[in-house]
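By convention in this document, chain letters (A, B, ...) are assigned in the order of the sequence lines, proteins followed by strands, and residues within each chain are numbered from 1.
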2 protein chains.
Amino acid sequence: MTAMASEKTVERLSLYRRLLLRLRDDGADVVFSHQLCVPVGVTPAQVRRDIMQLGCSGVPHAGYKIKDLLAAIAEMLDAPQSQRAVLVGVGHLGLALLTHFSGRWRWLHVHAAFDVNPSKHGAIVRGCNCYGLDQLPRIVREWRVEVGVITVPMDAAQTVATMLCDAGVTGLLNFAPLRLQTPEHVYVENVDLTTSFEKVAYFARHPARLANNKNAERDAASEKDRADVPG
Amino acid sequence: MTAMASEKTVERLSLYRRLLLRLRDDGADVVFSHQLCVPVGVTPAQVRRDIMQLGCSGVPHAGYKIKDLLAAIAEMLDAPQSQRAVLVGVGHLGLALLTHFSGRWRWLHVHAAFDVNPSKHGAIVRGCNCYGLDQLPRIVREWRVEVGVITVPMDAAQTVATMLCDAGVTGLLNFAPLRLQTPEHVYVENVDLTTSFEKVAYFARHPARLANNKNAERDAASEKDRADVPG
DNA sequence: CAGAAATCGTTTATTGATTCACAATAGCGG
DNA sequence: CCGCTATTGTGAATCAATAAACGATTTCTG
């Protein structure tokens with residue numbers, strides 16, 4: 001229905017949602033753009049723009065209905081039926097992710113895990129079967145798995161990625177410190193913990209900030225988008 | 001020495017480094033921009049630009065000396081003496097990160113961990129002492145800790161962030177799904193695993209790609225930056 | 001009921017990052 | 001020794017994302 005959303009937009013929608021869920025649980029029914037902008041780190045204008053793209057409308061003095069927003073976000077982000085993912089590389093990080101993600105979504109399920117280490121084959125890790133890599137193509141194909149999570153060491157990452165793509169996944173969540181070479185139609189999201197850590201260390205040492213996202217704070221404080229320069 | 005690098009630049013430098021280390025271990029001495037661009041997902045021009053910012057120079061037909069590049073990157077990214085970090089929230093994710101990060105860098109050390117759960121106090125987790133949150137301000141101040149890693153649930157994240165900032169950290173690595181409110185001089189790097197997962201799920205369902213980074217692949221294939229249009 | 005105040009929807013600018021394009025340079029083969 | 005080719009360094013153009021600005025609209029208050 002709604003048009004294709006950009007990468008950044010999807011990120012923000014995901015944040016809006018968790019925020020809205022919390023507001024709803026606190027008993028709120030409606031919300032204003034300036035309430036959402038601060039915890040997401042953007043301006044009220046950006047929030048309104050995103051909501052517009054969702055197809056929702058608010059009323060000038062009464063804000064947006066939280067229920068409507070949540071429904072629209074769910075329609076945009078969640079798979080209509082059910083979507084399956086597999087995880088490759090059951091190390092410390094892989095295990096933590098399995099725990100973190102298992103049972104968290106109704107519409108997205110981590111269906112199987114894979115590892116080279118034979119001692120892990122056949123085990124059930126966090127309620128998720130663990131297989132050898134040789135089983136990967138078969139299982140991914142049979143279950144129409146769309147998403148692959150890669151938590152193997154750097155040297156193995158490209159090989160695993162190629163296997164997953166060949167088997168038909170169309171999205172990869174890559175934790176290896178490397179930009180994977182994949183077919184055009186496969187989306188890759190890179191999460192590089194080492195880079196993130198090194199980034200923080202670097203900027204922590206250089207308090208001469210480079211505009212961090214502090215503007216949102218200021219923007220939210222002033223009403224009317226700080227367009228108030230009637231002077 | 002060298003000027004302040006942008007966020008994106010630091011990310012790429014971190015990637016270049018791990019790539020260069022691998023090349024060096026494979027016995028290479030020199031490298032060309034088009035070798036680095038593919039695994040990092042940018043154009044050769046971007047690589048040259050980054051290297052220029054490092055203060056390194058190459059020679060037109062002979063490339064860059066790997067040793068020089070590694071030295072320059074280390075000088076830019078690594079702390080001259082030693083830098084300390086603490087981790088707050090010893091859950092599954094926190095544990096995995098401790099394991100992942102412990103002993104990985106000489107210049108950046110995870111000094112202590114904190115958790116609300118009293119059963120964890122006094123324990124040594126992955127060679128790292130675990131304390132109650134009440135100890136946090138004292139320890140951070142005494143050891144001049146500059147970096148805080150936040151792996152607590154969303155509801156506790158802002159409180160923890162404020163504690164850390166008040167105690168003097170200047171960099172935060174935030175795994176909670178929320179943009180933290182912090183003083184101007186504190187840098188925050190957000191890693192939101194849920195958002196990342198939802199992003200991949202969304203784009204995996206929409207193979208109508210939005211320019212992923214596939215251009216680098218193409219660029220590297222053609223020599224002379226595809227500026228070859230002598231026609 | 002009318003005027004004021006707040007909030008939305010949207011258009012226009014701005015910004016910053018990235019790619020393009022090409023002149024300058026150094027090695028290489030004949 | 002000389003032209004040829006590959007590669008670097010960088011100014012200009014492009015592009016996407018964001019913020020600013022402002023008219024339109026609706027509730028609130030006296």
Nucleotide nearest [X] (side chain, heavy atoms from C-beta), chosen from [options]:
X     : options                : result
B:R49 : D:dT18, C:dA26, C:dT19 : C:dT19
A:Y64 : D:dA6, C:dG9, D:dA19   : C:dG9
A:K8  : C:dT11, C:dG9, D:dA17  : D:dA17
A:M52 : C:dG9, D:dA17, C:dA21  : C:dG9

Is [X] near enough to [N] that one of its side-chain N or O atoms lies under 4.0 angstrom from OP1 or OP2?
X     : N      : value
B:Q46 : C:dT19 : yes
B:T43 : C:dT18 : no
B:R48 : D:dG9  : no
B:S33 : D:dT7  : no

Integer-rounded Å distance: [N] [atom2] and [X] [atom1]:
X     : N      : atom1 : atom2 : result
B:Q53 : D:dT8  : CD    : C1'   : 17 Å
A:L69 : C:dC8  : CG    : C1'   : 13 Å
A:E7  : D:dA17 : CD    : P     : 8 Å
A:K65 : C:dC8  : NZ    : C1'   : 16 Å
A:H61 : C:dT7  : NE2   : P     : 6 Å

Any side-chain hydrogen bond (donor to acceptor under 3.5 Å, both in side chains) involving residues 55-74 of chain B? Give me the pairs, sequence neighbours left out, ordered by first then second residue.
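Output for this query is empty, none listed.
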Sorted by first residue and then second, give each side-chain hydrogen bond (donor to acceptor under 3.5 Å, both in side chains) pair with at least one member in residues 160-174 of chain A; sequence neighbours left out.
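Counting only pairs at least two positions apart or across chains, the side-chain hydrogen bond (donor to acceptor under 3.5 Å, both in side chains) contacts touching residues 160-174 of chain A are A:Q158-A:T162, A:N174-A:N190.
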Look at A:R18 together with B:D192 and state whether they make a salt bridge at an N to O cut-off of under 4.0 Å.
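So A:R18 pairs with B:D192 through a salt bridge.
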Mind checking whether B:Q81 and B:W107 have side chains closer than 4.5 Å, heavy atoms only?
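Not touching, per the 4.5 Å side-chain cut-off.
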Can you work out whether B:F32 or A:V59 has the more 5'-proximal nearest nucleotide on DNA chain D?
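Whichever sits nearer the 5' end wins; that is B:F32.
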